[in-house]
*Asks:* 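Attaching a single structure in C-alpha cells format; questions to follow.
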Amino acid sequence: SMRPRLRSSAMSVTNAAAPVMYIAEPAPERKRHRSSSHSSPAVPERNEPPATTATMTTRRNGQAEVAIRADLGDSRIALGEAGYEKPTGQPGTAEGTLRLLRERITGLDDVRVEAPGLSLRGRVGFSQGQLDRLVLSSLAIGRTRASGEVLFGRDGAVSVTARGAALDASALLAPSGDPKPTGGEQRPAPPPGPPLRLDLGFERVFLANQRSAEAFSLRFDRRAGRIE
C-alpha cells in the first residue's frame with residue numbers, strides 16, 4: 001500500500017522570515033522478486049509528483065503563511081445542488097495561502113480551484129479564529145456564472161449575496177422523488193433553521209423541466225419572516 005511520507009527542509013536565515021517546506025510524498029514501492037531459482041531485477045520505484053505541497057513562511061512577530069497546492073486528480077467532487085460532479089481520475093487543482101497569527105487562522109487568500117466544468121476564485125475570512133465570510137470573486141460551475149459573498153454570524157445566521165449572468169437551479173428545484181402524503185396524512189413541519197438572508201440577482205436562471213427565467217431577483221429574510 002502507498003503510505004504518504006512527509007519530507008521537510010528548512011533554510012536558516014537571520015532576517016524576519018524563515019521559510020519551511022513540507023512535501024507529501026508517496027512511499028516507494030517494495031521491491032518484488034519472482035519465486036524462482038533466479039531472482040528477477042527489482043521493480044523500479046515510482047517517481048510521481050507529490051499530491052499536495054505546502055510551503056510555510058514564519059516571521060518574528062508571530063505571523064505565518066502557508067502556501068498550499070493540491071492535485072485533485074484522485075479526488076471526487078460532487079455538488080448535488082449545483083448539478084456538478086467531477087469523477088476520480090479527471091484533472092483538477094486547488095491552491096491558496098493560509099494566513100496565521102500566533103497559530104490562529106486569520107484568513108485563506110488567493111483561493112483557486114480548477115477542474116473540468118469548475119473554476120473558482122476567492123478568499124475565506126476569519127475573525128478571532130472563527131469562520132467569518134466566504135468571498136467569491138468569480139465562480140463558474142456548470143451553467144452558473146456568478147460572484148458574491150457569504151457572511152456567517154456568531155448566532156448561526158447566514159447572509160448570501162450573489163450576482164451574475166446565470167444561475168443553474170435545475171437540480172435544486174427538481175422533484176425529490178419522495179412519496180407524497182395520502183389521505184389525511186400530514187407530515188410534521190421541519191424545525192426552523194438558523195436565520196437566513198438571501199439577496200440574489202441573475203440575468204437568467206435555469207429551472208427544472210427545461211424551463212428558465214430572465215432578469216431574476218430574490219430577496220428573502222427568514223429571520224424577519226418575509227420574502228420579496
*Asks:* Would you say Ser127's side chain and Asp132's backbone share a donor-acceptor pair under 3.5 angstrom?
*Replies:* no
*Asks:* Take atom CZ in Arg102; do more than 12 heavy atoms of anything else shown fall under 6.0 Å from it?
*Replies:* no
*Asks:* Could you walk me through whether Glu114 and Ser119 pass the side-chain hydrogen bond (donor to acceptor under 3.5 Å, both in side chains) check?
*Replies:* CA-CA 5 Å; Glu114 292 288 346; Ser119 177; 3.0 Å; yes
*Asks:* Look only at the side chain of Thr57 and the backbone of Glu65, and say whether a donor-acceptor pair between them is shorter than 3.5 Å.
*Replies:* no
*Asks:* Are any non-hydrogen side-chain atoms of Glu85 and Arg76 less than 4.5 angstrom apart?
*Replies:* yes
*Asks:* Take Gln128 and Arg104 through the test side-chain contact (heavy atoms from CB on, under 4.5 Å) and record every step on the way to the result.
*Replies:* CA-CA 8 Å; Gln128 297 182 354; Arg104 173 178 286 184; 3.9 Å; yes
*Asks:* Taking all non-hydrogen atoms of both residues, which atom of Arg143 and which atom of Asp168 are closest, and how far apart?
*Replies:* NE-OD2, 3.1 Å
*Asks:* May I ask whether Val205 and Leu200 are part of the same hydrophobic cluster, defined by side-chain heavy atoms of I, L, V, M, F, W, Y residues being less than 4.5 angstrom apart, directly or through others?
*Replies:*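 Both belong to a single hydrophobic cluster.
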*Asks:* Report whether Leu131 and Val66 are members of the same hydrophobic cluster (ILVMFWY, side-chain heavy atoms less than 4.5 Å apart, transitive linking).
*Replies:*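 Leu131 clusters together with Val66.
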*Asks:* Does a sphere of radius 6.0 Å around CD in Glu214 hold more than 12 heavy atoms from other residues, nucleotides or ligands, not counting ones at 6.0 Å or beyond?
*Replies:* yes
*Asks:* Under a 4.5 Å side-chain heavy-atom rule over Ile, Leu, Val, Met, Phe, Trp and Tyr, are Ile141 and Phe202 clustered together?
*Replies:* yes
*Asks:* Does the pair Thr93 and Leu72 meet the rule for a side-chain contact (heavy atoms from CB on, under 4.5 Å), with working shown?
*Replies:* CA-CA 5 Å; Thr93 58; Leu72 304 179; 5.6 Å; no
*Asks:* Are Phe152 and Val124 connected in the hydrophobic side-chain network, where two residues link if heavy atoms are under 4.5 Å apart?
*Replies:*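 Both belong to a single hydrophobic cluster.
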*Asks:* Say you draw a straight line from CZ of Arg123 to CZ of Arg133; how long is it, rounded to the nearest 0.5 Å?
*Replies:*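 The distance works out to 6.5 Å.
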*Asks:* Measuring from atom OG of Ser170 to atom CD of Glu81, what distance do you get when rounded to the nearest 0.5 angstrom?
*Replies:* 12.0 Å
*Asks:* Can we say Arg163 and Asp199 salt-bridge, meaning some charged N sits less than 4.0 Å from an Asp/Glu carboxylate O?
*Replies:*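 Yes, this pair counts.
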*Asks:* Run the side-chain contact (heavy atoms from CB on, under 4.5 Å) test on Ile77 and Tyr84 for me, step by step, so that the C-alpha distance in whole Å, both residues' side-chain angles and the decisive distance to 0.1 Å come before the verdict.
*Replies:* CA-CA 8 Å; Ile77 303 176; Tyr84 176 81; 4.2 Å; yes
*Asks:* For the residue pair Leu98 and Met56, establish whether any side-chain heavy-atom pair is separated by less than 4.5 Å.
*Replies:* no
*Asks:* Let me confirm one number: the OG1-CZ distance from Thr55 to Arg69, rounded to the nearest 0.5 Å.
*Replies:*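 Rounded to the nearest 0.5 Å, the OG1-CZ separation comes to 11.5 Å.
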*Asks:* Once you round to the nearest 0.5 Å, how far does OG1 of Thr53 lie from CD of Glu95?
*Replies:*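 Those atoms lie 9.0 Å apart.
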*Asks:* Output the distance between atom OG1 (Thr161) and atom CG (Leu198), rounded to the nearest 0.5 Å.
*Replies:* 8.5 Å
*Asks:* If you take all heavy atoms of Leu207 and Leu173, which pair is closest and at what distance?
*Replies:*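 Minimum heavy-atom contact is CD2-CD1, 3.6 Å.
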*Asks:* Check Asp110 against Thr97 and note the closest heavy-atom contact, atom names and distance.
*Replies:*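 The pair with the smallest heavy-atom distance is OD2-OG1, 4.0 Å.
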*Asks:* Do Leu134 and Val111 belong together in a cluster built from hydrophobic side chains that touch within less than 4.5 Å?
*Replies:* yes
*Asks:* Where is the tightest heavy-atom contact between Gly80 and Ala171, given as atom of each residue plus distance?
*Replies:*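 Of all heavy-atom pairs spanning Gly80 and Ala171, the closest is O-CB, 3.4 Å.
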*Asks:* Give a yes or no answer on whether the side chain of Asp155 reaches the backbone of Ala157 with a donor-acceptor pair at less than 3.5 Å.
*Replies:*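 Checking the backbone N and O of Ala157 against the side chain of Asp155, a donor-acceptor pair under 3.5 Å is found.
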*Asks:* Any side-chain heavy-atom pair from Val158 and Val150 closer than 4.5 angstrom?
*Replies:* yes
*Asks:* For side-chain contact (heavy atoms from CB on, under 4.5 Å), just list the numbers for Leu196 and Phe220, CA-CA rounded to whole Å, side-chain angles, deciding distance to a tenth of an Å, and then say yes or no.
*Replies:* CA-CA 8 Å; Leu196 173 64; Phe220 170 82; 4.0 Å; yes
*Asks:* Side-chain contact, heavy-atom cut-off 4.5 Å: Ser138 with Arg121?
*Replies:*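 The answer is yes, as the side chains (C-beta and beyond) meet within the 4.5 Å cut-off.
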*Asks:* Within the side chain of Arg145, is there an N or O that forms a donor-acceptor pair under 3.5 Å with the backbone of Gly142?
*Replies:* yes
*Asks:* Is it true that a side-chain atom of Thr106 and a backbone atom of Arg99 form a donor plus acceptor pair closer than 3.5 Å?
*Replies:*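 Looks like yes, one N/O pair under 3.5 Å.
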*Asks:* Please answer whether the main-chain N or O of Leu118 pairs with a side-chain N or O of Lys86 as donor and acceptor at a distance below 3.5 Å.
*Replies:* no
*Asks:* Taking all atoms of both residues into account, what is the closest heavy-atom pair of Pro91 and Pro116, and its distance?
*Replies:*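 Shortest heavy-atom contact: O-CD, 3.0 Å.
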*Asks:* So, for Leu139 and Leu120, which heavy atoms are closest and what is the spacing to 0.1 Å?
*Replies:* CD1-CD1, 4.0 Å
